[in-house]
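Below you'll find the structure, written out as structure tokens, and then a few comments.
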Amino acid sequence: SVAHAALRLLDPPCCLDEAWEDEPLLAQAKRVLSELQKLVSAAPLPAASFCFCFPLLESILATIAYVPGVSTYNRVANQLSSELPALLSSAMAVFCAHCNLRNASSIPANAGVGDMGEDDEDGPGLLPSESMFSLLRHVIDNATDVKSAKLQQSACQGLVALCESFSSKPGCASLPAADIQNVLLPAMKSSSDALRRAVLNGLLEIVPLIQRELENIEDEKESVWDQDLVDCIARHVWILKFDEVEINKTLAEKLWTSAGLLQEYVLCSDIIADVSHKEAKVRHAAAEALAAALREAGEGDDIFANCQLLFECYQEYRISPKPQVDSMGRPTGPAPEDPWPARCGVGMALRHMTSLLKVSFLPALF
């Protein structure tokens with residue numbers, strides 16, 4: 001039933017046996033989800049079994065972005081639309097029940113960080129973690145209306161619980177570098193306040209893992225992560241210390257301190273890329289973070305060099321790109337958007353840096 005329902009929900013571009021479609025898709029999805037909920041109410045499925053069910057849950061939860069009357073291209077979502085909220089709630093309940101998996105092996109009394117194996121069939125090591133984080137990010141990003149508030153809250157709790165399952169604590173697995181690089185770090189630049197907050201709470205759960213990896217890198221021992229990833233994490237956390245949402249600021253400060261992140265991990269030149277970010281909330285935070293980082297550095301040469309980089313960034317986005325034209329000079333598509341947000345970000349950064357600028361910089365800059 002699970003594989004059959006998942007196949008229909010994926011809506012493959014191929015012909016299916018007509019007998020497979022005797023039961024309406026909505027009725028089948030409700031029936032299968034109900035059976036899964038009853039099954040996991042006693043105990044979650046082993047990781048391998050959950051992997052088998054994941055495409056079904058993903059197909060349903062992905063429809064959160066469906067807007068009736070607008071996203072009419074989604075044939076599956078149209079068939080489920082009459083009872084979509086209930087389906088989403090059921091799918092999320094089954095999904096979140098597997099965000100807390102632990103290795104079934106007995107845990108030694110003196111077990112420490114990273115002592116547990118990661119290939120336990122009942123544990124989190126075999127979960128499709130990157131896909132799970134991506135799906136949770138999608139749900140949190142799109143569950144923005146009042147009716148979806150509970151679903152977003154469940155997804156946030158699921159993301160934090162999933163991070164803890166990969167915290168490398170006893171019974172847990174270690175969070176792969178790809179999950180951080182491809183999902184969690186980009187999510188920290190989301191326009192969704194709830195998503196940024198959920199990621200910060202999730203990273204607080206893996207502080208022991210961050211500390212272990214920092215020690216391994218500093219001692220030149222074998223490490224799951226590398227220095228570049230640590231620098232990226234530090235830069236993203238530093239920027240969120242200046243988030244416009246107060247609770248996010250507090251969480252970022254707590255994470256920075258508890259994980260033992262250092263200012264030396266943050267390169268001011270890397271922050272400039274976020275100063276010109278497309279999201280206004282990221283630009284605002286990055287502009288203030290850049291000034292704070294330069295203030296911590298306290299060296300005139302660094303301030304001048306970064307001012308030059310800001311001016312180069314401004315020059316790059318000063319002129320709107322020209323539209324593409326055919327051999328007759330006619331536009332072949334819509335005119336490119338004016339990259340004014342990047343220029344705005346540069347201006348905000350310079351405003352925050354005014355107290356650091358010296359008169360001697362001006363002739364060279366202008």
Side-chain angles (χ1 to χ4, degrees), residues 103 108 110-119 123-127 129-130 132-134 137 159-160 162-189 196 198-243 248 251-274 285-286 289-290 292-299 302 305-306:
N103 290 319
N110 61 345
V113 174
D115 286 345
M116 298 302 297
E118 304 208 357
D119 56 355
L126 298 180
L127 289 174
S129 55
E130 185 174 346
M132 292 176 72
F133 279 121
S134 294
R137 174 187 173 185
L159 191 146
V160 176
L162 190 59
C163 283
E164 186 178 5
S165 295
F166 287 87
S167 63
S168 201
K169 298 174 185 176
C172 301
S174 295
L175 187 63
D179 294 15
I180 300 177
Q181 193 74 52
N182 299 335
V183 185
L184 295 182
L185 291 184
M188 294 173 80
K189 297 180 182 179
R196 299 196 306 279
V199 174
L200 286 169
N201 278 317
L203 291 179
L204 281 167
E205 294 294 339
I206 66 165
V207 162
L209 177 59
I210 297 174
Q211 292 173 334
R212 185 192 74 182
E213 292 304 308
L214 284 173
E215 290 176 4
N216 288 342
I217 292 172
E218 290 173 1
D219 297 339
E220 297 184 352
K221 296 179 181 178
E222 184 178 354
S223 176
V224 179
W225 300 350
D226 57 22
Q227 187 63 53
D228 288 342
L229 180 59
V230 171
D231 292 346
C232 281
I233 294 172
R235 184 175 76 253
H236 283 70
V237 176
W238 177 263
I239 291 173
L240 284 182
K241 286 173 66 176
F242 303 91
D243 195 275
N248 289 353
L251 289 172
E253 184 64 48
K254 181 180 178 182
L255 177 58
W256 181 271
T257 305
S258 59
L261 298 174
L262 301 175
Q263 184 62 43
E264 65 190 59
Y265 301 144
V266 181
L267 292 178
C268 296
S269 56
D270 291 337
I271 299 178
I272 291 177
D274 292 321
L290 176 61
L294 289 171
R295 200 173 290 114
E296 289 278 339
E299 296 181 9
D302 281 348
N306 282 278

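Counting heavy atoms from C-beta outward, Met188 and Val237 have side chains that approach closer than 4.5 Å. The shortest side-chain heavy-atom distance between Val266 and Asp270 does not fall under the 4.5 Å cut-off. With contacts defined as side-chain heavy-atom distances shorter than 4.5 Å, the pair Ser129/Phe166 qualifies. Proximity of Glu205 to Val160: side-chain heavy atoms (C-beta onward) are separated by under 4.5 Å at one or more points. The shortest distance between side-chain heavy atoms of Leu209 and Ser174 falls below 4.5 Å. Leu204 places a side-chain heavy atom less than 4.5 Å from the side chain of Leu255. Looking at Ile210 and Ile206, their side chains come closer than 4.5 Å, going by heavy atoms from C-beta outward.
Taken to the nearest 0.5 Å, the CZ atom of Arg235 stands 13.0 Å off from the CG atom of Leu261. Going from atom CD of Glu296 over to atom CG of Leu262 covers 11.5 Å, rounded to the nearest 0.5 Å. Note that the CG atom of Leu251 and the CG atom of Leu200 stand 5.5 Å from one another [nearest 0.5 Å]. If you take CG on Asp274 and NZ on Lys189, they are separated by 3.5 Å, rounding to the nearest 0.5 Å. Rounded to the nearest 0.5 Å, atoms CG (Leu294) and CG (Asn306) are 5.0 Å apart.
Partners of Val183 under the side-chain contact (heavy atoms from CB on, under 4.5 Å) rule, at least two apart in sequence or in another chain, are Glu130, Phe133, Ser134, Arg137. In this view, Gln211 and Val207 satisfy the side-chain contact (heavy atoms from CB on, under 4.5 Å) rule, not counting sequence neighbours. Take Asn216 and apply the side-chain contact (heavy atoms from CB on, under 4.5 Å) test, not counting sequence neighbours, and it matches Arg212, Glu213, Lys221, Ser223. Legend: residues meeting side-chain hydrogen bond (donor to acceptor under 3.5 Å, both in side chains) with Gln227, ordered by chain and number and at least two apart, are Asp231. With sequence neighbours excluded, the residues satisfying ring-ring contact (aromatic ring centres under 6.0 Å, His included) with Trp256 are Trp238. Ala177 meets the side-chain contact (heavy atoms from CB on, under 4.5 Å) test with Trp225, Leu229; sequence neighbours excluded.
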Exercise. So Ile239 and His236, side chain to side chain contact (heavy atoms under 4.5 Å, CB included) or not? Walk me through it.
Worked result: CA-CA 5 Å; Ile239 291 173; His236 283 70; 5.9 Å; no
For this session: Start with the C-alpha gap between Val230 and Ile217, add the side-chain angles, then the distance that decides, and say whether side chain to side chain contact (heavy atoms under 4.5 Å, CB included) holds.
Result: CA-CA 9 Å; Val230 171; Ile217 292 172; 3.5 Å; yes
For this session: Report the C-alpha separation of Leu184 and Leu175 in whole Å, then their side-chain angles, then the decisive distance to 0.1 Å, and conclude whether the side chain to side chain contact (heavy atoms under 4.5 Å, CB included) test is met.
Result: CA-CA 11 Å; Leu184 295 182; Leu175 187 63; 3.9 Å; yes
Exercise. Between Leu290 and Cys268, is a side chain to side chain contact (heavy atoms under 4.5 Å, CB included) present by the stated rule, with each step listed?
Worked result: CA-CA 6 Å; Leu290 176 61; Cys268 296; 3.8 Å; yes
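Scanning all heavy atoms of the two residues, the minimum distance from Cys172 to Glu164 falls at SG-O, 3.3 Å. Residues Gly260 and Leu214 come closest through the heavy atom pair O-CD1, 4.1 Å.
Remark: side-chain polar atoms of Asn182 are paired, donor with acceptor, to backbone N or O of Ala178 under 3.5 angstrom.
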